[in-house]
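Both ligands and their constituent atoms are indexed starting at 1 by order of listing. Model, not experiment: these values are computed from the prediction.
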Amino acid sequence: MARYLIVGGQGGVGEAMARRLAGAGHELVLTGRSAEGVEPLAAELGAEALALDVLDDAGIQRLSAVAAEPLNGLVYAAGTITLKPFDRLVEDDFLNVFRVNALGAAKVIQVLLPGLKAAPEGASVLLFSTIAVDQGFAAHASIAMAKGAVVGLVRSLAAEFAPQIRVNAIAPSLLDTPLGRTVAGSPRMAEAVANLHPIPRLGTTGDIAAMGELLLTEAGSWITGQVIGIDGGRSRLRTPRG
Ligand SMILES: NC(=O)c1ccc[n+]([C@@H]2O[C@H](COP(=O)([O-])OP(=O)(O)OC[C@H]3O[C@@H](n4cnc5c(N)ncnc54)[C@H](OP(=O)(O)O)[C@@H]3O)[C@@H](O)[C@H]2O)c1
């Protein structure tokens, strides 16, 4: 049995990862922005719940209590999708998106390092990028910049911490999650976006959690420094469909 921390552990990908890892018998610490939000899921899964806003440095420092014991892995699932035409983006848009998606990940990893380094079997960190880093999309400048920084973080830390700590990211296309539904809200829009993918559907949290579990556990023990596209083929393929 291993011990994992999931930041953004309630709703969307974080919750799917939590359910999958708990189902495999692992010990979990789940964070949500509010204790009330994350506690019911944590109670259901027998996990520890913590309130954490990654924009709050004092909150991040409190994670040092989690790192006082060996920690086999981190899933940093906190994120945003801020889509705006470039001429409407203001400095705070860029900075807020960067803080939640990239800088927050770096700060959380820094605080957790003692626990990750102490895991006798080694540890694994899983971050999230986006298809919009490798494939250009209009209105994605702020999120693509921030998630591009996540890719740089993955590669740097994977080199710095090999072989003890593996660091990887998943780069999804649009997922059917609370966050994804802010982009493709109506069934018609969701169908239109789904049909842009060579495999014509939106991603599910299950698609991501299956790969996430592999990357976190022994099955992925020779994988580090990678950014794995889970995107219905959209980042790499040109087909009659998309
Ligand atoms: N959904 C997509 O289509 C898509 C596509 C590409 C990449 N991604 C990336 O995949 C990851 C998971 O996304 P998802 O679809 O599962 O999103 P989600 O369903 O909205 O969940 C996002 C999580 O981020 C947390 N969060 C947001 N701001 C936070 C903050 N300031 N401090 C702490 N936690 C914060 C939320 O916590 P609360 O519930 O407490 O608010 C929530 O648990 C994210 O990094 C996202 O950028 C998603």
Whether Arg166 side chain and Gly220 backbone form a donor-acceptor pair below 3.5 Å: yes
Enumerated ligand 1 atoms positioned under 4.0 Å from heavy atoms of Pro178: 19 (O)
Hydrophobic cluster identity match, Leu112 and Ile6, side-chain contacts under 4.5 Å: no
Glu121, CD atom: more than 12 neighbouring heavy atoms under 6.0 Å: yes
Ligand 1 atoms in contact with Gly180 (distance to a heavy atom under 4.0 Å): 1 (N), 3 (O)
Nearest non-hydrogen protein atom, atom 31 (N) of ligand 1: Asp53 OD1, 3.0 Å
Atoms of ligand 1 close to Leu52 [distance to a heavy atom under 4.0 angstrom, numbered from 1]: 32 (N), 33 (C)
N or O contact, Val13 vs ligand 1, cut-off under 3.5 Å: yes
Minimum side-chain heavy-atom gap Leu74-Tyr4 below 4.5 Å: no
Lys/Arg N to Asp/Glu carboxylate O, Arg236 vs Asp134, below 4.0 Å: yes
Protein heavy-atom partner closest to atom 32 (N) of ligand 1 - residue, atom, separation in Å: Val54 N, 2.9 Å
Ile165 CD1 to Lys117 NZ distance, which is reported to the nearest 0.5 Å: 6.5 Å
Heteroatom proximity flag, Gln10 to ligand 1, N/O under 3.5 Å: yes
same_hphob_cluster(Ile81, Phe128) at 4.5 Å side-chain heavy-atom cutoff: no
Identity and distance of the protein heavy atom lying nearest atom 6 (C) of ligand 1: Pro172 O, 3.5 Å
Inter-residue atom distance Asp57.CG - Arg62.CZ, 0.5 Å rounding: 11.0 Å
Atom 45 (O) of ligand 1 - nearest protein heavy atom and its distance: Lys147 NZ, 2.8 Å
Hphob cluster co-occupancy, Val154 + Leu113, side-chain heavy atoms under 4.5 angstrom: yes
Atoms in ligand 1 flagged as close to Ser173, the criterion being non-hydrogen separation under 4.0 Å: 3 (O), 5 (C)
Under 3.5 Å: N/O of Arg33 near N/O of ligand 1: yes
Contact check: Thr130 vs ligand 1, nitrogen or oxygen atoms, below 3.5 angstrom: no
Shortest heavy-atom approach to atom 24 (O) of ligand 1 - which of Ala105, Ala16, Gly104, Ala78: Ala78
Contact check: Ser129 vs ligand 1, nitrogen or oxygen atoms, below 3.5 angstrom: no
Thr80 and Asn101 side chains, donor-acceptor separation under 3.5 Å: yes
Close-contact set for ligand 1 against Asn101 heavy atoms, below 4.0 Å: 47 (O)
Contact (N/O only, under 3.5 Å) between Leu175 and ligand 1: yes
Side-chain donor or acceptor of Asn72 paired with backbone N/O of Arg3 under 3.5 Å: yes
Residue-ligand contact Leu202/ligand 1, heavy atom below 4.0 Å: no
Atom indices of ligand 1 within 4.0 angstrom of Thr80 heavy atoms, with elements: 47 (O)
Enumerated ligand 1 atoms positioned under 4.0 Å from heavy atoms of Gly8: 43 (O)
Distance, nearest 0.5 Å, that separates CD of Glu27 from CG of Leu45: 13.0 Å
Connected via hydrophobic side-chain network under 4.5 Å: Val75 and Val29: no
The one among Ala77, Ala184, Gly32, Gly12 that brings a heavy atom closest to atom 22 (C) of ligand 1: Ala77
Atom 15 (O) of ligand 1 [closest protein heavy-atom partner, distance rounded to 0.1 Å]: Thr177 OG1, 2.5 Å
Heavy atom of the protein closest to atom 17 (O) of ligand 1 (residue, atom name, distance): Leu179 CB, 3.2 Å
Nearest protein heavy atom with distance in Å, relative to atom 21 (O) of ligand 1: Gly11 O, 4.2 Å
Joint cluster assignment, Leu5 & Leu153, ILVMFWY side-chain distance < 4.5 Å: yes
